2 protein chains.
Amino acid sequence: MADTRTTILDITEAAVLEKGFEATSIEEIAAAAEISRGGFFYHFKDKNALARALIERYIATEDRLYDDLFARARELNDDPLHALLIGLKLLAETLDDMPNGHPGCIIASAAYQDRLFDRGIRDLNRQAILGWRARFRAMFEQIAEKYPPKTKVDLDALGDMVSSVVEGGLILERALGEPGVPAAQIMQLRTYIKLLFAD
Amino acid sequence: MADTRTTILDITEAAVLEKGFEATSIEEIAAAAEISRGGFFYHFKDKNALARALIERYIATEDRLYDDLFARARELNDDPLHALLIGLKLLAETLDDMPNGHPGCIIASAAYQDRLFDRGIRDLNRQAILGWRARFRAMFEQIAEKYPPKTKVDLDALGDMVSSVVEGGLILERALGEPGVPAAQIMQLRTYIKLLFAD
DNA sequence: TGTCAACTTGACTTGCAGTACAGTGATTTT
DNA sequence: AAAATCACTGTACTGCAAGTCAAGTTGACA
């Protein structure tokens with residue numbers, strides 16, 4: 001059996017995906033983990049600490065996913081543009097294969113509940129998004145060197161666009177109850193990049 | 001003086017933008033509106049009714065904004081592609097001129113708190129997003145007739161992309177504490193549309 | 001054998017949502 | 001002029017969830 005802390009995080013993640021962080025009570029998390037409320041507070045000082053651990057875990061997972069995906073893409077094609085296009089395709093497929101939606105929500109829900117979460121969580125979030133910006137910006141710089149873009153373009157904004165369409169897509173997906181929106185949005189972004197850089 | 005109901009909505013909107021819906025108590029809304037808690041419940045049955053009214057008002061505002069913006073753009077240029085490009089530029093400028101951020105958050109925060117809000121609110125949200133999809137899809141259809149797209153493209157996904165980058169941009173803006181992200185994202189989308197359709 | 005980590009139990013405080021209802025002063029209707 | 005309605009105030013209550021605290025239990029390992 002996994003350790004209780006991990007169990008709590010798994011249960012919380014599922015509950016948060018289903019109904020949001022606020023709507024998930026400690027009581028029900030404890031019940032699902034088959035421990036008492038007191039037991040919960042033994043592992044996490046308060047709900048804030050739980051949120052923080054969840055976000056930390058999510059960011060680590062996401063970073064690893066991006067590492068793997070774009071490393072594999074680069075193996076398949078050494079050209080920076082084609083590697084990115086392959087990576088985005090893989091990302092779209094991965095997004096579509098997530099049955100219960102994507103935990104990206106957690107970042108968004110934290111972004112919209114400033115007061116609820118402490119500064120530490122906000123900084124965590126900020127660093128993660130800046131990290132993704134830098135990651136994709138670096139790829140775009142490499143591409144732009146080899147393939148001059150058809151139009152002048154802000155590479156930071158382009159880097160942000162990956163996060164932006166994923167997060168935006170997740171919101172639409174949830175609000176519409178229609179799966180596949182983030183993947184479709186990523187594919188749009190892919191088309192944009194193709195038009196912008198490819199001959 | 002504005003009527004109390006409107007005052008309550010204004011105060012709530014500001015508070016929600018600052019710290020989220022959940023973190024805003026009825027007590028503090030009532031205090032800011034200079035009425036008693038009882039007075040609040042006279043106007044709104046519960047917090048759900050307040051959220052619903054806020055979202056209704058937000059959607060109406062957003063629809064009116066889109067109506068105005070793209071009508072003006074069409075006045076400036078009768079060509080469907082150029083009108084849309086002008087409209088998106090105007091939208092980016094409008095987004096940048098909103099000092100306290102954009103209430104788009106409200107849609108997103110509702111999307112992430114399913115349980116908190118009743119089905120009516122969820123349907124409202126859904127209809128709004130479908131409306132925006134249809135609105136932009138119609139524009140893209142008109143454009144595609146005159147300017148065959150360089151690549152096959154899913155017009156629904158393209159229509160969604162407007163909502164997607166605005167909402168996604170708002171999340172990044174909030175999480176980063178960096179203004180101007182949604183406008184920058186809209187400008188990226190504009191570049192994409194230009195590359196996709198223009199000669 | 002003792003000690004430490006990982007709990008449990010239970011009692012408590014605080015804060016917020018929501019209910020219920022009695023009353024009040026201003027305005028509107030009849 | 002009387003009656004009704006509107007837009008509240010005020011108070012008192014229930015119920016739930018978060019979080020605190022103190023004291024006790026249980027199994028593993030040194």
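Labels below follow one simple rule: chain letters A, B, ... track the order of the sequence lines, proteins then strands, and each chain is numbered from 1. Note that the structure is a prediction, hence the values are computed from the model and not measured.
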Could you tell me whether the phosphate oxygens of dA7(D), OP1 or OP2, come under 4.0 Å of any side-chain nitrogen or oxygen in Tyr42(B)? yes
Nearest whole Å is fine: how far is dC6(D) P from Phe40(B) CZ? 19 Å
To the nearest Å, how far apart are Lys45(B) NZ and dA20(C) P? 12 Å
Donor-acceptor pair under 3.5 Å, Arg37(B) side chain vs dG18(C) base: yes
Ranking dG18(C), dG19(D), dC7(C) by distance to the side chain of Asp46(A), first place goes to dG19(D)
Rounding to an integer number of Å, can you tell me how far Asp118(B) CG sits from dG18(C) P? 11 Å
Categorize Ser25(B) for me: base, sugar-phosphate, or nothing, with a 4.0 angstrom heavy-atom threshold over every strand shown. sugar-phosphate
Do Leu189(A) and Met187(B) sit in one hydrophobic cluster, given that two such residues count as connected whenever their side-chain heavy atoms are within less than 4.5 Å of each other, even indirectly? no
With a cut-off of less than 4.0 Å, is there a side-chain N or O of Thr4(B) near OP1 or OP2 of dC8(D)? yes
Starting from P on dC6(D), measure out to CZ on Phe41(B) and report it in whole angstrom. 20 Å
For Glu28(B), which contact category applies under a 4.0 Å heavy-atom criterion: base, sugar-phosphate, or nothing? nothing
What is the distance, rounded to the nearest whole Å, between atom CD1 of Ile35(B) and atom P of dA7(D)? 12 Å
Can you see which heavy atom on Leu88(A) is nearest to which on Phe70(A), and at what distance? N-CE2, 3.9 Å
What is the distance, rounded to the nearest whole Å, between atom CG of Asp3(A) and atom P of dA28(D)? 17 Å
Ignoring backbone atoms, test whether His43(A) places a side-chain nitrogen or oxygen under 4.0 Å from the OP1 or OP2 oxygen of dA6(C). no
